[in-house]
Amino acid sequence: MEIESNFIKTIIEDDLANGRVNAVVTRFPPEPNAYLHIGHARAIITNFELAKMFEGKTNLRFDDTNPVKEDASFVEAIKEDIKWLGYQPANIFFGSDYFEKTYELAIRLINKGLAYVCELSQEEMSKYRGTLTEPGKESPYRNRSIADNLTLFQAMREGKYKDGEMTLRAKIDMASPNINMRDPVIYRIIHITHHNTGDKWCIYPMYDFAHPLQDAIEGVTHSLCSLEYVDHRPLYDWFIEKCETEHIPHQYEFGRLNITNTIMSKRYLKQLVDTKVVNGYDDPRMPTLAGLRRRGYTPEAIRDFVLGTGLSRINSTVSNEMLENSLRNDLLGKTKRMHVVSEPIKVTITNYPSDTPEKIVSSCNPDNEDLGERTIYFGKQLYIEKADFLPEAPDKHWRRLSIGLEVRLMHGYFIKCHNVIYDENQEIVEIECTYDPMTKSGSGFKERKPNGTIHFVEATTAVVASFNLFEPLLVDSDSDRPLIDRINPNSWEVRTGFVEPALEEAKPGEKFQFVRNGYFAADYDTTPQKPIFNRIVELKSRFK
RNA sequence: UGGGCUAUGGCCAAGCGGUUAAGGCAUCGGACUUUGACUCCGAGAUCGGUAGUUCAAAUCUACCUAGCCCAGCCA
């Protein structure tokens, strides 16, 4: 699947056609202060796919200009997530690699009379800034001499001042209707150890100043970001122009991708982890890439989903059914289709002649013979799903087992139910059936049509396993209620059931279709003695 | 209330002055089926509103309406 037509692709095509750029360079610039989630996947995929499409390149650049929030551990996690998604950055850079260069350009601005050292406190600065409807006031420090600014800025760098004591500001326009242009701070003092530069610096550039310069230094042609930066674009262009960088990058904005019933915000993800609603950032219910990975989502499906949702200048909320569809499409042809009974009910085949089960060799996926065959068993004692039996068929659409009805056991035989055994509470404990030896799977038997096909496992060879069934963490997708009140209490259900013996060998992370049950992945903690499977996604069903 | 961005079927989204207005997801019919899966057929919008420009407008203009973003020494 290729990237669809979208406005950014159109812009790039146009730039290339008109010679405004020779080669496309994009970048994905995360701040190393959180785990990546599926929202980031859109940015990653968009940047990489767009560049790839035009034979350009994409850098991974850690935007680490604020040491108070950042940590090296996130650097590795982010690298791993990008690799998992299937992308290899042309270069891996750090914004902090450019601190020296950024500093020089700040001095250039001072020399041009376009930046000044300001001693307003944070509170005062806020007052001077004005409001959305009223213009701001000029700082009393705005008209210092270039020489004084140079000296002061140098002193800031040398650590002569405490955090917050002064800032370097761009001298633009305190009356601009765009608040970003009202003399924004471009350097602030922070005495803290930086994950990359250690204690070398105590002044750090702000995003608005650093970002365009990083793009310029790296030769980025199309700098993509989200919609909330639209108002920052004039500033971006101002810095590029005034700093007279050799290369001139351009910023383009696109909408964020939201998914129904899914929280993406850093704050709430953290809240879920901190309040132990989930077991960490790689909990299989989390929308983090680490969580989705553990759940069994595939990078191919995520890519297909992102590309399928397109790109526009709208913050969109896409139904999670779309993601699930991508998952099923990807998993359909590449998973083995195994027999698993998650809520068992016992079946005795009363006319089965032997106490030892017979072996049946079956295809793992009739649509993909490369997946091979495995042996399943059929015998006197079986398990089927509770939901596949009702003493009496509710209506003529019932395609499962009932007294007097005959169904096909997939890969086995036709069986017909003739008796139900109840306990003292009128609960069904066992059902009794007969089988027809003539109807063996693969025999080509066509004399009669069964009332549907269900699956089973043979009881003496079955292996006990547990299944983790997930639902969305949130309910009420359109609600404005606080998220904490929308937590789904049933987001993780554990069931114990039986799996066919071949599943003992499932390797952690290996994915399967459990016939008529859904797609599952063996959990990281699975063992042959105690297999554990996570449900990735249910199968679609028209059963009403 | 200043500035900016956006508005195409339930949800995404193509379309860039002339097409019966792509496609995907979802939904509803139907066929097929050793998964009520898959696959296959079929069904639905006149493009936020109004007024203009034009032989011709979802596409251009004006006005209106609605939603989102901005007043961190965060990114």
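Letters A, B, ... mirror the listed sequences (proteins, then strands); counts begin at 1.
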Note to self: Just to be sure I understand the rule, does A:Thr131 reach a base, reach only the sugar-phosphate, or reach nothing, if contact means heavy atoms closer than 4.0 Å?
What the structure shows: base

Item checked: Nearest-angstrom distance, P atom, B:rU27 to B:rA66 -> 34 Å

Checklist line | From A:Leu409 atom CG to A:Asp388 atom CG, the distance as rounded to the nearest 0.5 Å | finding: 9.5 Å

Check: With a 4.0 Å cut-off on heavy atoms, is A:Ser326 in touch with a base, just the backbone sugar-phosphate, or nothing at all?
Finding: nothing

Margin query: With nearest nucleotide decided by heavy atoms, which residue, A:Thr133 or A:Thr439, maps closer to the 5′ end of RNA chain B?
Written below: A:Thr133

Note to self: Counting the atoms with a prime plus P, OP1 and OP2 as sugar-phosphate, which does A:Ser541 contact under 4.0 Å by heavy atoms, base, sugar-phosphate, or nothing?
What the structure shows: sugar-phosphate

Notebook entry, point to check: Heavy atoms under 4.0 Å, any strand shown: does A:Leu323 hit a base, just sugar-phosphate, or nothing?
Noted result: nothing

Note to self: Roughly how many Å apart are B:rG15 and B:rA58, using the C1' atom of each and rounding to a whole number?
What the structure shows: 8 Å

Notebook entry, point to check: Between A:Arg129 and A:Asp183, does at least one N-O distance fall below 4.0 Å, as a salt bridge requires?
Noted result: no

Check: Can we say A:Asp97 and A:Arg61 salt-bridge, meaning some charged N sits less than 4.0 Å from an Asp/Glu carboxylate O?
Finding: no

Check: Among A:His455, A:His339, A:Arg374, A:His411, which one satisfies side-chain hydrogen bond (donor to acceptor under 3.5 Å, both in side chains) with A:Glu500?
Finding: A:Arg374

Checklist line | Secondary-structure notation, RNA chain B, from Watson-Crick and G-U pairs under 3.5 angstrom (| other strand) | finding: .(((((((.[[[..)..(....]]].(((((.......)))))....[[[[[..)....]]]]])))))).....

Notebook entry, point to check: Given the C1' atoms of B:rU8 and B:rG49, what is the spacing between them in whole Å?
Noted result: 14 Å

Checklist line | 5' priority, RNA chain B, between A:Ile314 and A:Ser441 [closest heavy atom] | finding: A:Ile314

Check: Base, sugar-phosphate, or nothing for A:Gly255, non-hydrogen atoms under 4.0 angstrom?
Finding: nothing

Item checked: Interatomic distance at P, B:rU19 relative to B:rC32, whole Å -> 40 Å

Check: Expressed as a whole number of Å, how far does the C1' atom of B:rG18 sit from that of B:rG36?
Finding: 47 Å

Checklist line | Check ion pair A:Glu119-A:Arg144 (N to O, under 4.0 angstrom) | finding: yes

Next item on the list: Would you indicate what A:Asn325 reaches in the nucleic acid, counting non-hydrogen atoms under 4.0 angstrom: base, sugar-phosphate, or nothing?
Entry: sugar-phosphate

Next item on the list: Would you classify A:His455 as touching base, sugar-phosphate or nothing, given that sugar-phosphate means primed atoms plus P, OP1 and OP2, and contacts are heavy atoms under 4.0 Å?
Entry: nothing

Notebook entry, point to check: Looking for any heavy atom pair under 4.0 Å, which part of the strands does A:Arg233 touch: base, sugar-phosphate only, or nothing?
Noted result: nothing

Item checked: Trace of the side chain to side chain contact (heavy atoms under 4.5 Å, CB included) decision for A:Val117 with A:Tyr187 -> CA-CA 9 Å; A:Val117 172; A:Tyr187 264 94; over 6 Å; no

Margin query: Between B:rU65 and B:rA14, how many Å separate the two P atoms, rounded to a whole number?
Written below: 28 Å

Item checked: Atom pair CD1 (A:Ile12) and CG (A:Leu224), whose distance is rounded to the nearest 0.5 Å -> 6.5 Å

Next item on the list: For B:rG24 and B:rC70, measure between their C1' atoms and round to the nearest Å.
Entry: 34 Å

Next item on the list: Considering only atom P, compute the distance from B:rC60 to B:rU6 and round it to an integer number of Å.
Entry: 12 Å

Note to self: Salt bridge check, A:Glu4 against A:Lys9: does any charged N sit closer than 4.0 Å to a carboxylate O?
What the structure shows: no

Check: With sugar-phosphate meaning primed atoms plus P, OP1 and OP2, does A:Arg400 contact a base, only sugar-phosphate, or nothing at under 4.0 Å between heavy atoms?
Finding: base

Notebook entry, point to check: When you list every nucleotide of RNA chain B with an atom under 4.0 Å from a heavy atom of chain A, which one comes first 5' to 3', and which comes last?
Noted result: B:rU1 to B:rA75

Note to self: What's A:His211 touching, base or sugar-phosphate or nothing? Going by heavy atoms closer than 4.0 Å.
What the structure shows: nothing

Note to self: For A:Phe209 and A:Phe239, take the angle between the two ring planes, folded into 0 to 90°, and tell me which bin it lands in: parallel under 30, tilted 30 to 60, perpendicular over 60.
What the structure shows: perpendicular

Item checked: Anti/syn call for B:rG72, syn if |chi| within 90° -> syn

Check: Which residues satisfy the salt bridge (charged side-chain N to carboxylate O under 4.0 Å, His left out) test with A:Asp173, sequence neighbours excluded?
Finding: none

